[in-house]
Amino acid sequence: LAEATELLAALDKLARSLRESASAGAPAPAEPTPGHLSADELAARIMDTLLKLHRLQTPAGTSAGAAMSPIMPAQATEELRAQVLQQFEGWLRQTTASYHDERVDFQFLQQFKTHNLLRGDEMTDWLIRTLTEVAVLHCTAPGPQQPPAAAAAEQPAKPRLNYEDIDGVSRIIALLVRWGVPPEHPRMAELRVDLLRRLLLAVAQVLHRDHELNAGRFDQRPYYRLFSNLLMDCLVPEPTSEQIELPFLNTFTQTFHSLQPLTLPGFAFSFLALISHRNFMPKLIGAKERQGWPLMHRLLLDMLFFMEPHLRRVELSPAMRALYQGAIRTLLVLLHDFPEYLCEYHVSLCEAVPATCVQLRNLILSAFPRNVQLPDPFGPNLKVDLLPAIRDSPSIRSNYLEPLEACATMYTITTTGIDPATGLPTTGQSMVISNLKADLEQFINTRQPANFLQTLPNRLFLNDPTRIAQRGTRYNAPLLSALVLHTGILGLTQLRQKGPSSHAKHTPSMDIFYSLVTTLDNEGRYLLLNAIANQLR
């Protein structure tokens, strides 16, 4: 800070000198006068000081910045940093002239290797953080002054960014991942994945710190360009793609999850663009044996959880409206190319969408497997219960039982017996903890406990005032949805066991639905019927 104050004073002296020269009609001095710095020297020192200020650690007590704050290695001196930046700038000039000649890239990495910066340890992390910080600062540095016409516009466009340094950093990371581990190494795949994880974490640390230090002026475009380049460079077809593609995708998923909009609201648009990237989402969902489906599911929920409070209020800001349209287009791509994905995760996806957001929920529920031919709803004599496909139970990957298992209740059981020593009657009490899933299954099988229907509505309410304020309802909507689905599954299983002549009327499952419809208030009945309608697919 003291150095920045000194540079501001020098800048003021230079400005006064230029004004005096302009008022006297004399040309500006080509050489610096005593006590003054030349314009080039002053600009260089100002840039260096800004870089130092940009690298200041986040103050203690902050949330995301403290969690992502890196530890500066003892070997990372200012002299080493200056050498690294000088070599980086020289390499950028050479690659621009030679169109990314691999020989130039190899020589450049050898220079880093002489400084022990490519061992995959904390010095490698420091190298990527330093290059990312400098690249972002150069990318977002203000360019030449706008012409008067543009300056006078009411809403001037954002300045164009120079991505040369950002592209250079992404290429360095891709080269390190590709060449950092010899192909003949027995643990090549594992080591390459671990190296990519470290490098992505270093970039994420810079992003977190930049977002927190510059909350009102944070520019997400350089980081989007960097991650987009990495998706294109690291997920390229090669002989070892089958071994490392899914672990690479998993590593990118973990990184994007750490950058979710709930943590970094200023990165929300880039987050949505990255998880729907043409080189990421199709490969993740199209992975062998659907191993990438849970990863994509987590990222989609990250996006929907961030949008849910805004969508519930209906009145959207222009930025949130644009984000909502982007989410709609992402789900449309999934509906067109991977409808089975939406079918199997419809429960959890619908729970993340507020009840008032009909368009988004209907888009999710309109998906059906590509191997299923839907009947003509206007055809004569259509009977849905006679269709062959009606007997096939749909596959549900969402863990819909979790809310039922988490809803636990403690109650006291009184037992009576005879004391064998005295022969006198005795009574005892024991505390029993039971969750709603166990109680529901017991009631459907045995109609016990007898007061289950009377106590069920009270178990559907939220008890925490904070959660009630956050969700905008006093009902536990995910719990109610899980109750409806599990009751229906148990009821159908019970009917099939009894044979084709059995009827659903007066079964325990139908008694549960009838009791809830007649005892819940208007809001509860709406959520109940809405949960039932979500399963009529």
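Excluded from the calculations below are hydrogen atoms, water molecules and symmetry mates; all remaining heavy atoms, backbone and side chain alike, are included. Since the structure is predicted, the reported quantities are computational estimates derived from the model, not experimental observations.
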For this session: Test side chain to side chain contact (heavy atoms under 4.5 Å, CB included) on D219 and D210 and set out the steps.
Result: CA-CA 9 Å; D219 196 335; D210 188 8; over 6 Å; no

For this session: Output, in order, the C-alpha distance, side-chain angles, deciding distance and verdict of side chain to side chain donor-acceptor pair (under 3.5 Å) for D302 and H257.
Result: CA-CA 7 Å; D302 290 340; H257 179 64; 2.6 Å; yes

Exercise. Does the side chain to side chain contact (heavy atoms under 4.5 Å, CB included) test come out yes or no for V203 and V169, once each step is laid out?
Worked result: CA-CA 10 Å; V203 176; V169 174; 5.6 Å; no

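For E405, the CD atom is densely surrounded, since the number of other residues' heavy atoms within 6.0 Å is greater than 12. When the shell of 6.0 Å around CD of Q110 is examined, it contains more than 12 heavy atoms from other residues, nucleotides or ligands. Annotation: R290, atom CZ; neighbour count of heavy atoms from other residues, nucleotides and ligands within 6.0 Å is above 12. Heavy atoms of other residues, nucleotides or ligands lying less than 6.0 angstrom from CZ of R217 number 12 at most.
Looking at residues two or more places apart in sequence or on another chain, you find a ring pair (Phe, Tyr, Trp, His ring centres under 6.0 Å) between H310 and F306. In this view, S395 and E344 satisfy the side-chain hydrogen bond (donor to acceptor under 3.5 Å, both in side chains) rule, not counting sequence neighbours. Take D337 and apply the side-chain hydrogen bond (donor to acceptor under 3.5 Å, both in side chains) test, not counting sequence neighbours, and it matches no residue. Not a single salt bridge (charged side-chain N to carboxylate O under 4.0 Å, His left out) links D233 to another residue, sequence neighbours left out. R313 is linked by a salt bridge (charged side-chain N to carboxylate O under 4.0 Å, His left out) to nothing, counting only residues two or more places apart in sequence or in another chain. Applying the side-chain hydrogen bond (donor to acceptor under 3.5 Å, both in side chains) rule to D167 yields the partners R225, N229; only residues at least two apart in sequence or on another chain are considered. Residues satisfying the side-chain hydrogen bond (donor to acceptor under 3.5 Å, both in side chains) criterion with S398, sequence neighbours excluded, are S348. Residues that satisfy the ring pair (Phe, Tyr, Trp, His ring centres under 6.0 Å) test with F338, not counting sequence neighbours, are absent from this structure. Every residue two or more places apart in sequence or in another chain that forms a ring pair (Phe, Tyr, Trp, His ring centres under 6.0 Å) with Y341 is listed here: W293, Y345. For E308, the salt bridge (charged side-chain N to carboxylate O under 4.0 Å, His left out) partners are R312, not counting sequence neighbours.
When all heavy atoms are compared, the tightest approach of R192 to R178 is NH2-CA, 3.9 Å. When all heavy atoms of L196 and V177 are compared, the closest pair comes out as CD1-CG2, 3.9 Å. Between L335 and S366, the shortest heavy-atom distance links the atoms CD2-OG, 3.7 Å. Shown here for V193 and P247, the closest heavy-atom pair between the two residues is CG2-CB, 3.4 Å. For the residue pair A174 and L230, the shortest heavy atom distance occurs at N-CD2, 4.4 Å. Pairing each heavy atom of L342 with each of L349, the nearest pair is CD2-CD1, 3.8 Å.
Looking only at side-chain heavy atoms (C-beta outward), L334 and L331 come within less than 4.5 Å of each other. Counting heavy atoms from C-beta on, the side chains of T124 and R198 never come closer than 4.5 Å. For the pair C139 and V136, the minimum side-chain heavy-atom distance is 4.5 Å or more. A heavy-atom distance below 4.5 Å is not found between the side chains of Y223 and I166. Within the 4.5 Å cutoff, side-chain heavy atoms of F88 are placed close to those of I172. At least one side-chain heavy atom of N534 sits less than 4.5 Å from a side-chain heavy atom of R361. Contact of the R187 side chain with the E190 side chain is registered, since non-hydrogen atoms from C-beta on lie closer than 4.5 Å. Side-chain contact between F227 and F280: absent, with no pair of heavy atoms (C-beta onward) separated by less than 4.5 Å.
No donor-acceptor pair closer than 3.5 Å links the side chain of H297 to the backbone N or O of G292. Side-chain atoms of K288 do not come within 3.5 Å of backbone N or O of L246 as any donor-acceptor pair. No donor-acceptor distance shorter than 3.5 angstrom exists from the side chain of H336 to the backbone of V333, with no hydrogens or angles considered.
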Taking only distance into account, with no hydrogens and no angle test, what donor-acceptor pairs under 3.5 Å do side-chain atoms of residues 318-328 form with protein atoms, sequence neighbours excluded?
from, atom 1, to, atom 2, distance (Å)
Y324, OH, Q359, OE1, 2.8

For residues 267-274, run the donor-acceptor check on the side chains, cut-off 3.5 Å, and write out each pair with its distance to 0.1 Å, sequence neighbours left out.
from, atom 1, to, atom 2, distance (Å)
S270, OG, Q220, OE1, 2.8

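No hydrogens or angles considered: a donor-acceptor pair under 3.5 Å links the side chains of Q205 and R129.
Aromatic ring orientation, F218 versus H211: perpendicular (interplanar angle above 60°, classes split at 30° and 60°).
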